[in-house]
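The chains referred to below are lettered A, B, ... by the order of the sequence lines, with proteins before strands, and numbering in each begins at 1.
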Protein chains: 2
Amino acid sequence: MQEQLVGEDSVPLYMRVRDQLAIRIEEGSLTPNTRLPSERILADEQGTTRVTARLALAQLEAEGRIFRSNRRGWFVSPPRLIYKPTQDYSFSENVISQGRVPATETLDVTPTEINAWLATRTGLAVGDPIVWLRRRRQIDGRPVLVENIYLNPKRLPAIETYDFNRSLWKLLREQYDVELQGKHIEMYPTALVGPQASALGVTIGTAGLYVTRCSHDAEGGFVEFDEEFWLHDALSIQVEVY
Amino acid sequence: MQEQLVGEDSVPLYMRVRDQLAIRIEEGSLTPNTRLPSERILADEQGTTRVTARLALAQLEAEGRIFRSNRRGWFVSPPRLIYKPTQDYSFSENVISQGRVPATETLDVTPTEINAWLATRTGLAVGDPIVWLRRRRQIDGRPVLVENIYLNPKRLPAIETYDFNRSLWKLLREQYDVELQGKHIEMYPTALVGPQASALGVTIGTAGLYVTRCSHDAEGGFVEFDEEFWLHDALSIQVEVY
DNA sequence: TTGTCAAACTGGTATATACCAGTAAAGCAA
DNA sequence: TTGCTTTACTGGTATATACCAGTTTGACAA
């Protein structure tokens with residue numbers, strides 16, 4: 001039987017700091033993409049230390065309410081993009097339809113060969129030619145995903161000569177008369193590391209969502225395999241089944 | 001121009017500790033559900049402090065490779081359960097088919113009323129009766145999700161009198177002749193907080209995946225609305241589209 | 001006005017330490 | 001053997017501090 005800490009002290013300090021900030025975000029005094037006070041200032045305001053302030057910030061980050069920009073500060077997360085992987089073929093159109101501004105950058109285009117990992121996913125044989133496309137996509141100027149796209153050059157001759165900063169889906173339809181049909185989608189939460197983290201300009205270990213999509217054309221031939229690394233707070237996935 | 005730290009020191013210490021552990025997991029000297037050395041021991045082994053050891057552990061946790069059990073220690077994550085929300089109707093059958101052992105606990109059954117939030121999701125009116133069912137589900141003895149299920153008592157009379165520790169899907173089919181048809185699924189990564197975190201026995205703020213599923217019967221009538229809170233490392237979602 | 005550079009500021013990483021709150025094991029008593 | 005209590009151990013929370021590595025800003029020079 002102890003005279004234990006009660007009331008406000010039954011909740012850890014870092015959670016109370018979290019709550020303070022969460023209220024400011026909900027009230028609207030901190031709006032999307034606004035910078036939060038710096039960690040040192042937060043710690044002073046709350047009469048605590050940076051370590052504890054960082055715990056509170058990490059908590060809000062895990063909830064998807066704030067994000068950090070490397071050595072620039074913490075910012076309020078904008079609303080999640082609604083993403084319907086079974087329906088949406090165009091990232092740009094989807095972003096625009098939700099009143100946001102999309103941007104796409106092609107990071108790299110490399111003709112290469114199918115490895116064992118791709119072979120099991122695409123149905124092609126190890127050593128078959130494949131075109132590896134790497135893109136970064138933004139919403140309202142914030143990079144939210146990087147993707148590795150593997151295109152079947154047998155089905156899409158000279159694909160590497162096109163401009164990939166526009167809609168890939170339109171390119172396939174208009175230049176190759178491909179209508180994507182079957183899709184196998186897989187996704188799970190994980191941490192962003194290595195080239196993905198640096199391409200998105202986030203700290204190694206930032207929470208992300210990993211999505212792969214394997215598409216076939218109407219005849220069932222393999223067209224493209226897509227591997228997407230999203231910031232975990234940037235999207236909400238919706239699937240309709242009938 | 002500085003004589004800068006090179007080689008191993010260009011990688012942060014906590015990442016090197018992470019790598020050490022990751023190797024031990026990949027090699028198989030640390031197998032799923034094995035306890036890792038305690039934070040203090042890890043710190044000693046690596047010649048560093050608990051704070052840094054915890055950074056390394058948090059990194060692996062974010063990647064979904066290890067998980068923690070409150071004040072018991074850190075453990076190697078078992079493989080993710082493959083979950084096909086568009087096809088799977090039975091959690092238990094799905095778990096068994098992947099060679100694992102499922103368990104379901106009913107936490108609570110409460111007849112209540114539709115609130116504004118549920119009204120927009122179910123299509124029912126505020127104040128309509130609804131049965132609120134709360135369950136926890138395990139894989140191989142580890143709680144991996146809690147769910148709030150809202151059942152339509154108009155479509156499912158006396159539903160609250162049944163045993164919910166078995167398959168809900170079978171119950172609906174056998175007792176009410178309901179074949180679930182249309183589904184609207186929504187999901188996004190977030191942190192587990194409040195009752196969800198405590199029901200799963202995890203620290204507040206643990207990464208999770210939030211999934212909602214609204215099901216209708218063949219005639220389009222609302223049957224049930226399901227809200228699931230998963231541990232982020234426990235599942236991989238697969239969707240097939242044709 | 002423009003460009004450059006230094007200073008101030010930001011988060012990132014790290015050490016050292018302390019006490020609290022649950023868990024689990026050891027030891028002891030019935 | 002059984003049940004209880006003590007003890008050791010675990011992660012959880014917190015303070016105080018320091019230096020590093022990029023970003024941003026402001027002063028100053030051209």
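Between D:dA14, D:dT13, C:dT15, one nucleotide has an atom nearer to the side chain of B:Arg54 than all others, and that is D:dT13.
Under the 3.5 Å distance criterion, the side-chain polar atoms of A:Arg135 are matched with a main-chain donor or acceptor of A:Phe164. A distance-only check finds a donor-acceptor pair linking the side chain of B:Gln98 to the backbone of B:Ile82 [under 3.5 Å]. Judged by distance alone, the side chain of A:Thr31 and the main-chain N or O of A:Gly28 form no donor-acceptor pair under 3.5 Å. Looking at B:Ser198, its side chain does come within 3.5 Å of a backbone N or O of B:Pro195 through a donor-acceptor pair. A side-chain donor-acceptor contact under 3.5 Å links A:Arg80 to the backbone of A:His232. Remark: the backbone N or O of A:Val11 is paired with a side-chain donor or acceptor of A:Arg16 at under 3.5 angstrom. The backbone N or O of A:Val101 sits less than 3.5 Å from a side-chain atom of A:Asp140, completing a donor-acceptor pair. For the pair B:Thr48 (side chain) and B:Ala43 (backbone), a donor-acceptor distance under 3.5 Å is absent.
A sub-4.0 Å separation between OP1 or OP2 of D:dT15 and a side-chain N or O of A:Thr52 is present. Using a 4.0 Å cut-off, no side-chain N or O of A:Arg50 falls inside it from OP1 or OP2 of D:dA16. Within the structure, every side-chain polar atom (N or O) of A:Thr49 is placed at least 4.0 Å from both OP1 and OP2 of D:dT17.
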Would you list the protein and nucleotides 5-8 of chain D atom pairs, both N or O, that sit under 3.5 Å from each other?
none

Measure all distances between protein nitrogen or oxygen atoms and nitrogen or oxygen atoms of nucleotides 24-26 of chain C, and list the pairs falling under 3.5 Å.
from	atom 1	to	atom 2	distance (Å)
C:dA24	OP1	B:Arg72	NE	3.4
C:dA24	OP1	B:Arg72	NH1	2.7

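Partners of B:Asn115 according to the side-chain hydrogen bond (donor to acceptor under 3.5 Å, both in side chains) rule, which considers only residues two or more places apart in sequence or in another chain, do not exist here. Listed by chain and residue number, nothing satisfies the side-chain hydrogen bond (donor to acceptor under 3.5 Å, both in side chains) test with B:Thr120 (two or more places apart in sequence, or in another chain). Under the side-chain hydrogen bond (donor to acceptor under 3.5 Å, both in side chains) criterion, B:Thr112 pairs with no residue at all, not counting sequence neighbours. Residues forming a ring pair (Phe, Tyr, Trp, His ring centres under 6.0 Å) with B:Phe91 (at least two apart in sequence, or on another chain): none. In this structure, the side-chain contact (heavy atoms from CB on, under 4.5 Å) partners of B:Glu93, at least two apart in sequence or on a different chain, are B:Ser90, B:Trp169, B:Lys170. Legend: residues meeting ring pair (Phe, Tyr, Trp, His ring centres under 6.0 Å) with B:Trp230, ordered by chain and number and at least two apart, are B:Tyr83.
Contacts between residues 193-205 of chain A and DNA chain D, defined by a heavy-atom separation under 4.0 Å, are absent. Residues from residues 38-45 of chain B lying near DNA chain D, meaning a heavy-atom separation below 4.0 Å, are B:Ser38, B:Glu39, B:Arg40 in numerical order. A heavy atom lying under 4.0 Å from DNA chain C marks the following residues of residues 61-71 of chain A, by number: A:Arg68, A:Arg71.
With the end axes of the helix from C:dT1-D:dA30 to C:dA30-D:dT1 each set by five pairs, the angle from one to the other reads 0° at 10° resolution.
Distance, A:Arg35 CZ to D:dT23 C1': 10 Å, rounded to whole Å. Rounded to whole Å, the distance from CZ on A:Phe75 to C1' on D:dT23 is 10 Å. Atom CZ in B:Arg16 sits roughly 12 Å away from atom C1' in C:dT13 (whole-Å rounding). Between the CG atom of A:Leu57 and the C1' atom of D:dA14 there is a distance of 16 Å, given to the nearest Å. Rounded to whole Å, the distance from CE on A:Met15 to C1' on C:dC20 is 18 Å. Between the CG atom of B:Leu13 and the P atom of C:dA16 there is a distance of 11 Å, rounded to whole Å.
Inspection of the A:Glu186 and A:Tyr210 side chains reveals no N or O donor paired with an N or O acceptor under 3.5 Å. Side chain to side chain, A:Asp108 and A:Trp132 fail the donor-acceptor criterion of an N or O pair below 3.5 Å. Between the side chains of A:Thr104 and A:Arg137, at least one donor N or O lies within less than 3.5 Å of an accepting N or O.
Checking B:Trp74 against B:Val51, the closest nucleotide of DNA chain D that is more toward the 5' end is the one next to B:Trp74. Between B:Gly73 and A:Tyr14, the residue anchored closer to the 5' end of DNA chain D is B:Gly73, taking for each the nucleotide with the nearest heavy atom.
Note: A:Ile204 CD1 to B:Gln59 CD = 7.5 Å, rounded to the nearest 0.5 Å.
Geometrically, B:Arg142 does not engage B:Phe75 in a cation-pi contact, judged by NZ or CZ lying under 6.0 Å from the ring centre and within 45° of the ring axis.
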